[in-house]
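Below is one structure, written out as structure tokens; the observations come after it.
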Amino acid sequence: MDIIIVCAILIFILFYNKTIDGKKFLVDNEKYFQVLREEDYDFLLYAKYGDDVEPDLLFRKRVTTALFFGFFFLILFLTELSLINLVFAVVIMFGVFKLPYIQLKQYYKAHLHEIDLMLPYYLKSLEILIQHYTVPVAIGKSIDDAPDIFKPGLRQIVERVNSGDSSIDPYMEFSNTYPVRDSMRMMRLLYRLGIGSQENKQERLMMFSRTVSNLQNKAREIKYKERLGHMESQTMIMLVVAGIAVMMIVLISMMGIFGLS
């Protein structure tokens, strides 16, 4: 026990005096830690916390916390270090690292429909702007009123297009970053709407408008079904409770009748 306390104090002093610089260690080895970063991590963060979140900072905190717990358990097992204890420390470290991601996944699953339904309503407002501006300009003007979850990706589209990227890549990158329902198809339509001659713009805009309207109708249908399902479940609960109450009243009445007789 004494050696564990001594090691813990020694490590604390090394970190406190910055003999061991934890921040520098993370920065120097960031490319190795990035291998562990999940593809949808940024999207899940934006979905839960909105536009103001800093994915890189939160990812470094995940790594730091996991390493801390890993070293902590290694110090605990220092007096009886074995392969089993080493594996246990690694498992604990990996579990601590994965826990925030699992919590983000659970949040996304719980709010899946709500997040998916944001895109059609945003695209409807964007459609009005596209009637008066080019697609990149319309996207830029729509950012302030867009859902917080989409703002970083929309800014990235505008920045890449303004820097001279006329390919479909900025739009596809958005759909990969935000894998909500129909995002890839709608980004393709947006790209096609932004290219070609001005004469054909009205035809492409009508096609875009019809697609957005269909998505909105689907969104309304989903909302209606969810509301109907909620009402049905509430009605069923009320019927079950009422049925149980009636049965209890009947049972009490029968017990009273038999008791009197």
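What you are looking at is a predicted structure, and each value in this text was computed from that prediction instead of being measured. The basis for the numbers below is simple: all heavy atoms, side chains too, and nothing from hydrogens, waters or symmetry mates.
Separating the CZ atom in F174 from the CG atom in L190 is a distance of 9.0 Å, to the nearest 0.5 Å. Rounding to the nearest 0.5 angstrom, the gap separating the OG atom in S183 from the CZ atom in F150 is 8.0 Å. Residue M187 holds its CE atom at 10.0 Å from CD1 of I168, rounded to the nearest 0.5 Å. Atom CG of D40 and atom CG of N176 lie 11.5 Å apart (nearest 0.5 Å). Rounding to the nearest 0.5 Å gives a distance of 11.0 Å between CZ of R210 and CD of E127. Here the straight-line distance linking atom OG of S142 with atom CD1 of I128 works out to 11.5 Å at 0.5 Å rounding.
Within 6.0 Å of the CG atom in L57, the count of heavy atoms belonging to other residues, nucleotides or ligands exceeds 12.
Between L45 and F59, every side-chain heavy-atom pair lies at or beyond the 4.5 Å cut-off. No side-chain heavy atom of M118 sits less than 4.5 Å from a side-chain heavy atom of V180. With contacts defined as side-chain heavy-atom distances shorter than 4.5 Å, the pair Y46/V53 qualifies. With a 4.5 Å cut-off on side-chain heavy atoms, Y49 and L104 count as touching. Side-chain contact between V63 and F97 is present, with heavy atoms from C-beta onward closer than 4.5 Å.
Between Y41 and Y101, the ring planes are tilted. Angles from 30° to 60° get that label. Ring geometry, F43 versus Y178: the interplanar angle exceeds 60°, so the pair is classed perpendicular (tilted spans 30 to 60°).
V135 and V137 fall into different hydrophobic clusters, where Ile, Leu, Val, Met, Phe, Trp and Tyr residues are linked whenever their side-chain heavy atoms come under 4.5 Å apart, directly or through other members. By the criterion of side-chain heavy atoms lying less than 4.5 angstrom apart, applied directly or through intervening Ile, Leu, Val, Met, Phe, Trp or Tyr residues, F88 is grouped together with V96 in one hydrophobic cluster.
Across Q156 and E173, no two heavy atoms sit closer than the pair NE2-OE2, 3.0 Å. Scanning both residues, P55 and D42, for their nearest heavy atoms gives CB-OD1, 3.3 Å. I143 and R155 get closest at one heavy-atom pair: CD1-CG, 3.7 Å. The two residues P136 and V158 make their nearest non-hydrogen contact at O-CG2, 3.9 Å. Nearest heavy-atom pair across L129 and A138 is CD1-O, 3.6 Å.
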Exercise for review: Determine, stepwise, if the pair Y171 / I157 fulfils side-chain contact (heavy atoms from CB on, under 4.5 Å).
Suggested key: CA-CA 6 Å; Y171 299 90; I157 289 177; 4.1 Å; yes
Check your understanding: Given the rule in the salt bridge (charged side-chain N to carboxylate O under 4.0 Å, His left out) test, do E38 and K105 qualify, once you have shown the distances and angles that lead to the verdict?
Key -> CA-CA 11 Å; E38 300 84 0; K105 274 283 194 185; over 6 Å; no
Practice item. Take D56 and R37 through the salt bridge (charged side-chain N to carboxylate O under 4.0 Å, His left out) test and state the conclusion after the steps. Key: CA-CA 10 Å; D56 292 338; R37 188 165 179 158; 2.9 Å; yes
Show the atom names and distances, to 0.1 Å, of all donor-acceptor pairs under 3.5 Å that link a side chain in residues 66-73 to residues at least two apart or in another chain.
none

